[in-house]
Each structure stands twice: as structure tokens, then as C-alpha cells.
Amino acid sequence: MKTHRHNLRRSISALLLAAASQLTAANDNATASDNSLPDPNSENGGFLELALGVGHVDFARVDEIEGLRSNPGDKLFLNIHGAYRYKRFFVEATRDGFDGLNLGATLWQNDKWSVDFLAANIGGNKNGDDDSAAVSEAEKNIALIDRDTFFAGAGARITRYFGNDKIAQFRLLSDYYESNGALWSARLGKQWQHGNWSYTGFLGARYNTAKLNNYLYAVSASEATQLFPEYKAGNTVSLEAEIGVSYPLSRKLVFRSDLSLVRYQREIYNSPLLDDKQDAKFTAGISYVF
């Protein structure tokens with residue numbers, strides 16, 4: 001059961017990836033220890049996955065002048081996921097968004113609790129353009145659609161483990177890239193297994209400060225156009241849910257599929273930069289486990 005405990009010590013952002021280790025423990029052709037992440041006070045190690053597959057995304061953020069939703073439709077993806085720990089220090093690259101890349105250290109840990117310092121939590125996109133150069137209506141529209149969503153923050157992460165199959169986690173992060181506000185998140189996750197099939201899921205809520213929401217979703221008077229009128233956002237709580245399934249195909253190959261949903265509060269979805277109330281994403285593919 002120690003392997004199960006090691007897997008659950010990964011952050012909730014790695015919950016779906018941890019299914020590979022859970023599955024391999026029940027499969028004679030795979031070895032869970034190949035990609036399990038040890039406790040900080042024991043051996044060092046980690047895991048790395050290269051995933052290729054297809055997905056369907058339907059994001060709320062506008063990315064076309066016509067006002068269509070961002071990137072709706074089917075897509076081919078190639079992703080790299082992984083985590084590595086050396087003593088109490090760790091790096092995690094397991095999810096999109098503000099869970100994208102974590103660098104930090106475990107400050108304290110026992111069988112039920114873990115307290116981590118996140119020195120860097122990096123996510124979002126940076127276009128590298130000077131939006132202040134936009135003068136015409138068309139240039140302003142393009143600048144708003146392509147605006148930065150880059151976030152680089154630091155903070156604390158507290159995790160509570162319930163046996164070998166349930167986890168709760170709380171995070172508090174503050175952006176230090178350009179002081180663009182803070183976010184808190186709380187998540188509950190569970191993992192269960194039926195034969196060689198492993199299922200994972202979580203429910204969560206994310207609190208964004210008004211400063212962070214205005215960085216991401218507001219339109220200032222100088223940026224405003226006929227298509228994107230001036231808008232100012234407040235504090236919000238967004239709801240998150242995800243469910244995933246995985247199955248080992250061999251010692252190194254794992255089939256993995258997941259469905260995720262983020263439901264925004266009115267303060268966000270009323271922004272002219274969005275034209276729906278939620279983001280939805282479905283993916284299915286094959287992961288090669290190194």
C-alpha cells in the first residue's frame with residue numbers, strides 16, 4: 001500500500017496522472033515503482049509521460065473578431081507531463097492553466113498532512129506584444145483577443161490525505177510577475193479501481209481576487225471598442241470538476257481519457273471577452289511512461 005500513498009502525495013493537479021501507478025500495481029506487465037513519486041524523507045525520484053491524442057475543447061474566451069468561442073472543435077495534442085522530487089524539493093508539470101508548472105519544497109509532512117511552499121506556480125500565455133501600441137478599432141480588438149494571461153505566483157499548498165484513495169487540498173497563491181492579484185483554491189479528489197481500469201475525479205472551487213479578474217477579463221476605457229465595451233470585474237468563485245479514466249496497455253503505454261469543466265461566476269462571464277459561462281474539455285490518448 002506504500003505505492004498508493006506515494007501517488008497520493010502528488011498534488012491534486014497530478015491526480016489523473018497518478019492513475020498510471022495505481023493501475024500498474026494491479027497489472028503483471030507493469031511496475032508501479034517506475035513512475036511513483038516518493039516521500040520527501042525517503043528516496044528521490046519522479047515520473048515523466050509523453051501523451052499523444054485527440055481532444056474536443058469549447059472554451060468561453062473569445063479568440064476571433066466575429067465573437068466565436070475560443071478554439072471550439074476537435075484537436076490533436078502532444079503533451080509532456082511529469083514530476084520530480086529531490087529530498088524536500090520538487091518540480092511538477094502536470095496540468096494546464098494556473099496548475100501548469102510548480103516549483104517548491106515540502107516544509108512539513110506526516111502520514112495525513114503535507115504543507116508545501118510553492119516558490120513558483122506558472123501558467124497562462126504571454127503574447128509578447130506591446131498592447132499600448134494599438135490605436136485603431138481593429139488593432140484594439142486584436143490586442144484584447146491576444147492579451148496576456150500569464151501568471152507567475154508563489155504561496156502555500158496544504159494537502160490532507162484520507163486513506164489511499166481520497167485527498168483534499170487548499171492553495172493560496174499571489175502573483176509576483178506584475179502583481180496581478182491572488183487566487184485561492186480548494187479541491188476534493190478520489191481515486192477508485194475496477195480491475196485494470198482506474199478512475200479519478202475531483203470537485204473544486206477557485207476564488208479570484210478582483211485584481212486578478214480585472215487583469216484577465218476587464219476592459220479599460222482606453223482599450224474599449226464597439227465590440228468589446230468597457231468592463232470591470234469583482235471577486236469571484238468558479239467551480240471546477242474533472243473525471244478521468246486510464247488503462248495500462250503495456251509496461252510503458254497507458255490509455256488515458258478525461259473530461260473537465262470550469263463554471264464561471266457572473267462577474268467573469270459577463271465580460272465582453274467571454275461569450276459563454278464555462279470552459280469544457282475532453283481528451284483521449286496514449287501516454288508513454290518513461
Quiz item: Quick check: are there more than 12 heavy atoms from other residues, nucleotides or ligands sitting under 6.0 Å from CG of Leu239?
Solution: yes
Quiz item: Does atom CG of Asn270 have more than 12 heavy-atom neighbours, drawn from other residues, nucleotides or ligands, at distances under 6.0 Å?
Solution: yes
Same hydrophobic cluster for [X] and [Y], using side-chain heavy-atom links shorter than 4.5 Å among ILVMFWY?
| X | Y | answer |
| --- | --- | --- |
| Leu261 | Tyr207 | no |
| Leu172 | Leu188 | no |
| Leu48 | Leu52 | yes |
| Phe151 | Tyr176 | no |
| Phe77 | Ile286 | no |

What closest approach, in Å, do [X] and [Y] show between heavy atoms, and which atom pair accounts for it?
| X | Y | value |
| --- | --- | --- |
| Pro272 | Tyr231 | CD-CB, 3.6 Å |
| Ser238 | Val262 | CB-CG1, 4.4 Å |
| Arg256 | Ser246 | NH1-CB, 3.6 Å |
| Leu76 | Gly53 | CD1-O, 3.1 Å |
| Lys252 | Phe290 | NZ-C, 3.7 Å |
| Phe202 | Gly189 | CB-CA, 3.8 Å |

Roughly how far, to the nearest 0.5 Å, is [atom2] of [Y] from [atom1] of [X]?
| X | Y | atom1 | atom2 | answer |
| --- | --- | --- | --- | --- |
| Tyr217 | Leu144 | OH | CG | 14.5 Å |
| Thr200 | Ile243 | OG1 | CD1 | 7.5 Å |
| Thr159 | Arg171 | OG1 | CZ | 10.0 Å |
| Leu274 | Arg61 | CG | CZ | 6.5 Å |
| Thr225 | Ile142 | OG1 | CD1 | 11.0 Å |
| Glu178 | Asp148 | CD | CG | 7.5 Å |

Exercise. Take Ser257 and Phe282, measure what side-chain contact (heavy atoms from CB on, under 4.5 Å) needs, and give me the verdict at the end.
Key: CA-CA 8 Å; Ser257 179; Phe282 170 79; 3.3 Å; yes
Practice problem: Could you tell me whether Glu92 and Arg157 have a side-chain N and a carboxylate O separated by less than 4.0 Å? | Solution: yes
Quiz item: Should Glu240 and Arg263 count as an ion pair when the cut-off is N to O under 4.0 Å?
Solution: no
Quiz prompt | side-chain contact (heavy atoms from CB on, under 4.5 Å) between Trp113 and Trp108, intermediate numbers included | solution = CA-CA 8 Å; Trp113 292 91; Trp108 178 81; 3.5 Å; yes
Six-ring centre of [Y], [X] cation under 6.0 angstrom, axis tolerance 45°:
| X | Y | answer |
| --- | --- | --- |
| Lys277 | Tyr264 | no |
| Arg266 | Tyr269 | no |
| Arg85 | Phe90 | no |

Quiz prompt | Side-chain H-bond candidate by donor/acceptor type, Asp276 with Gln278, under 3.5 Å | solution = yes
Quiz item: Do Asp258 and Thr283 have side-chain N/O donor and acceptor atoms under 3.5 Å apart?
Solution: yes
Residue pair [X] / [Y], side-chain heavy-atom distance below 4.5 Å:
| X | Y | answer |
| --- | --- | --- |
| Trp192 | Asp165 | no |
| Asn213 | Ile268 | yes |
| Glu137 | Gln226 | yes |
| Ser220 | Lys232 | no |

Donor-acceptor pair, distance only, cut-off 3.5 Å: does the side chain of [X] make one with the backbone of [Y]?
| X | Y | value |
| --- | --- | --- |
| Lys126 | Arg147 | no |
| Asp175 | Ala152 | yes |
| Thr209 | Ala182 | yes |
| Asp116 | Leu118 | no |
| Glu49 | Gly82 | no |
| Ser114 | Gln109 | no |
| Asn121 | Asn102 | no |
| Asn235 | Ala210 | yes |
| Glu223 | Val219 | no |
| Asn180 | Leu212 | no |

Exercise. Could you check whether the rings of Phe255 and Trp197 sit parallel, tilted or perpendicular, using 30° and 60° as the cut-offs?
Key: perpendicular
Quiz item: Quick check, are the ring centers of Phe150 and Tyr177 under 6.0 angstrom apart?
Solution: yes
Practice problem: State yes or no: are the ring centers of Tyr84 and Tyr86 separated by less than 6.0 Å? | Solution: no
Self-check item: salt bridge (charged side-chain N to carboxylate O under 4.0 Å, His left out) involving Glu267 - partner list, sequence neighbours excluded
Solution: none
Quiz item: Yes or no on side-chain contact (heavy atoms from CB on, under 4.5 Å) for Lys166 and Gln191, after CA distance, side-chain angles and deciding distance?
Solution: CA-CA 6 Å; Lys166 292 180 285 293; Gln191 187 168 42; over 6 Å; no
Quiz item: What's the verdict on side-chain contact (heavy atoms from CB on, under 4.5 Å) for Val54 and Lys75, showing C-alpha distance, side-chain angles and the deciding distance?
Solution: CA-CA 6 Å; Val54 295; Lys75 292 187 174 295; over 6 Å; no
